[in-house]
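Okay, so here's the structure we're looking at.
Here the structure is a predicted model, which is why all the values come from computation and not from measurement.
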Amino acid sequence: VQLQASGGGLVQAGGSLRLSCVASGTTFATYAMGWFRQDAGKEREFVAGIAQSMRITDYAESVKGRFTISRDNAKNTVYLQMNSLKPEDTAVYFCAADIGRWYESRPAVLPGDYEYWGQGTKVTVSS
């Protein structure tokens, strides 16, 4: 599985960005997907996850109400809509695929539960 993330950039505080992550292959609909982020000198942290359909999602407390994860299984793509961005959202954002997650279970929040990772896309929020 290859994952290609895009959509990062420089935005002012209060602005919005939408990240996209396209997966290779034909079994995307069977994977749970997640977004993580990592800032310099910090551990990689969970941002949002989505089960195989769009019915079950999970968010880090720090982004609830501001970020929305969604997916289009026909396009092998998962999205992260980020609104009301804050300087503390600055990080490299990674998408990841959890191919072993039970169907329609709550998305995993630990990086170690995801088997495949994209290359990351940088998000910088200026104050």
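Looking only at side-chain heavy atoms (C-beta outward), Trp35 and Met82 stay at 4.5 Å or farther from each other. Ile56 is not listed as a side-chain neighbour of Ser105, based on a closest heavy-atom distance of 4.5 Å or more. Side-chain atoms of Arg101 and Asp113, non-hydrogen and from C-beta on, do get closer than 4.5 Å to each other. The closest side-chain heavy-atom distance from Glu115 to Asp98 is below 4.5 Å.
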* Run the side chain to side chain contact (heavy atoms under 4.5 Å, CB included) check on Tyr59 and Thr68 step by step: do they pass? -> CA-CA 8 Å; Tyr59 297 90; Thr68 302; 3.8 Å; yes
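Remark: Gln81 CD to Ile69 CD1 distance equals 12.0 Å, nearest 0.5 Å. If you take CG on Leu17 and CG on Asn83, they are separated by 9.5 Å, rounding to the nearest 0.5 Å. To the nearest 0.5 Å, atom OG of residue Ser6 and atom CD of residue Gln119 are 8.0 Å apart. The line from OG of Ser127 to CD of Gln12 is 9.5 Å long, rounded to the nearest 0.5 Å. The SG atom of Cys95 sits 11.5 Å away from atom CZ of Arg71, with the distance rounded to the nearest 0.5 Å.
Cluster membership check: Met54 shares its hydrophobic cluster with Leu19, using side-chain heavy-atom separations under 4.5 Å among Ile, Leu, Val, Met, Phe, Trp and Tyr. Under a hydrophobic-cluster definition in which Ile, Leu, Val, Met, Phe, Trp and Tyr are linked whenever side-chain heavy atoms come within less than 4.5 Å, directly or via other members, Tyr79 and Tyr31 are assigned to different clusters. A single hydrophobic cluster is seen to contain both Val1 and Val78, as judged by linkage of ILVMFWY side chains at heavy-atom distances under 4.5 Å, directly or through other members. A continuous path of hydrophobic side-chain contacts links Phe46 to Val92 [ILVMFWY only; heavy atoms under 4.5 Å]. Hydrophobic clustering (ILVMFWY, side-chain heavy atoms < 4.5 Å, transitive): Val47 and Phe94 are in distinct clusters.
For Val11 against Gly15, the heavy-atom pair with the smallest separation is CG2-CA, 3.8 Å. For the pair Leu80 and Ala48, the tightest heavy-atom approach, listed with the atom from each and the gap, is CD1-CB, 4.1 Å. Across all their heavy atoms, Leu3 and Ala97 have their closest contact at CD1-N, 3.7 Å. Taking each heavy atom of Pro107 and Ala51 in turn, the nearest pair found is CG-N, 3.8 Å.
Heavy atoms from other residues, nucleotides or ligands lying under 6.0 Å from NZ of Lys64 number more than 12. Within 6.0 Å of CD on Gln2 lie no more than 12 heavy atoms contributed by other residues, nucleotides or ligands. Counting heavy atoms of neighbouring residues, nucleotides and ligands inside a 6.0 Å radius, atom NZ of Lys122 exceeds 12 of them.
Panel note: side chain Asn76, backbone Ala23; a donor-acceptor pair is recorded below 3.5 Å. Although no hydrogens or angles enter the test, the distance criterion places a donor-acceptor pair under 3.5 Å between the side chain of Gln52 and the main chain of Glu104. The closest donor-acceptor contact from the side chain of Thr121 to the backbone of Tyr93 lies at 3.5 Å or more, if one exists at all.
Under the rule for a side chain to side chain donor-acceptor pair (under 3.5 Å), the partners of Asp89 that lie at least two apart in sequence or sit in another chain are Arg37, Arg66. Residues meeting the ring pair (Phe, Tyr, Trp, His ring centres under 6.0 Å) test with Phe28, sequence neighbours left out: none.
Between Phe36 and Tyr114, the gap from one ring centroid to the other is short of 6.0 Å.
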